Amino acid sequence: MPQVHVLGPDELRAAHVLFAASIHRDTVTDADWDAASRSYSPGRTVGVADGGALIGTATSFPTRTAVPGGAALDTSAVTRVGVRADRTRRGVLSAMMRAQLDEAVGRGEPLASLRASEARIYGRFGYGVASRGRHVSVNGRGAGWRREPAGEVRLVLGADIEPTLTALHDALALRRPGGITRREAWWRWQVAQPVEKHEHLIAAVHTGPDGDDGFALAVPLSEGTFAHRALKVNDLHAADDDATAALWAFLTGIDLVDRVDGWLRPVDEPLELLLADPRDCSVTGGEDETWLRLVDVPVALAARTWGDGPPVLVGVHDRLLPANDGVYRIGGGTAERADSPPELECDVDALAMAYLGDRAPSLLAATGWWRVHDATAPARADALFATDRLPWCGTYF
Ligand SMILES: CC(C)(COP(=O)(O)OP(=O)(O)OC[C@H]1O[C@@H](n2cnc3c(N)ncnc32)[C@H](O)[C@@H]1OP(=O)(O)O)[C@@H](O)C(=O)NCCC(=O)NCCS
């Protein structure tokens, strides 16, 4: 088993370069490293060395994830995972994943979360797809909206962008299951550095009846001509559909803009219902967003709220963290360990797929992710796991 160690500050640049190479990105310049080094949370980067050189690395940063009902749980956000190309498939990632999970247990973080480069990597470590997004492209010129957009949209400029959007994001993102708090480094990359480099950012804020209730951050795509440009929405969070509609209407209505693309937008963002012609919105793709790992199943289950209806007994299996193994009785607003045979059974990755409300237990049972011992149990579980809104995060890391 490869030996994993926690990297000291003097090893972080090697880790950064190793990760960049693993995803086919350039190495860092001194100036870039100065900024990137500040994005590493102290003591949260692990690595594996071989022959005096680092051959594998993974890091994490602390965040909080909103779960159904509004609680926000401490989460280890795993990122920058890479193994040197000549040392893959020898268990390096497996050893680092185990070490990271042990650390999350030690720190008392009930959840871990990541974004996956490939969908076949992380299920074996207990991560399941807990939220998804879709890529959309909305016509600019000519896109009409069924209702006159409500409220006001204003642009925020330069040094005002970061503080304005930071405050709004934190207030809006945790309203939806799957939303996370952002670290300062995220804003530095998305806003502060582009502003310093004089790049063109379109930062728009919507004001509704109760004040500022949504924002969008868009950038021009390099394609197009002087009079035919396309924008890409990097960020758009809104309190409700009115604010969402007003922000999209604003972006698509900007002069010289033919098209506005959105990437990993919420699956239930109702653009087609808001547009006068639903075909002004094309869905160009879709992908998994949050890969969630329930590190402490009893704490995670107790933290979310549950729908009404008769209880169900769910058996959970966790190969890497066997303390989570057991049967949980969910119902009456709570989830507790039970000393009864399970009516449904699943591995911890498949539990994560239902936990935030993304997939109904009956669908997971029908597709073989959950096993059924009582034919009436999937419908009961559906009622209990159901949420008002689909989960979505909106922060890629
Ligand atoms: C993905 C990556 C980290 C895996 O590291 P690794 O050290 O090769 O992984 P392991 O040897 O521990 O593999 C563990 C298991 O996962 C499987 N696996 C690992 N990567 C896989 C992949 N990309 N596709 C399918 N299976 C994969 C292995 O075959 C192995 O299966 P087994 O237990 O049945 O033998 C490494 O290939 C890499 O750096 N890839 C490029 C960068 C990247 O995608 N990073 C992830 C960013 S989210």
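All values reported here derive from a predicted model rather than from experimental measurement. All ligand and atom numbering here is 1-based and tracks the order in the structure. By convention here, the first residue in the shown sequence is residue 1. Computed from heavy atoms alone, side chains included, the values below leave out hydrogens, waters and symmetry copies.
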For Phe61, check ring-ring contact (aromatic ring centres under 6.0 Å, His included) against everything at least two apart and list the hits.
-> Phe397
Trp291: partners by ring-ring contact (aromatic ring centres under 6.0 Å, His included), with sequence neighbours left out | none
Glu343 side chain near Arg380 side chain, heavy-atom distance below 4.5 Å = yes
Side-chain heavy atoms of Glu272 within contact of Val283, under 4.5 Å = yes
Mind jotting down which protein residues get a heavy-atom contact under 4.0 Å with ligand 1? Chain and number order, please.
-> Ser22, Ile23, Val81, Gly82, Val83, Thr88, Arg89, Arg90, Gly91, Val92, Leu93, Ser94, Arg115, Ser117, Glu118, Arg120, Ile121, Tyr122, Arg124
When clusters are formed from ILVMFWY side-chain contacts under 4.5 Å, directly or step by step, what else is grouped with Phe215?
-> Val156, Ile161, Leu165, Leu168, Leu172, Trp186, Trp187, Val191, Val195, Leu201, Val205, Leu217, Val219
Evaluate the side-chain proximity of Arg134 to Glu289: yes if any heavy-atom separation is below 4.5 Å, no if none is.
-> no
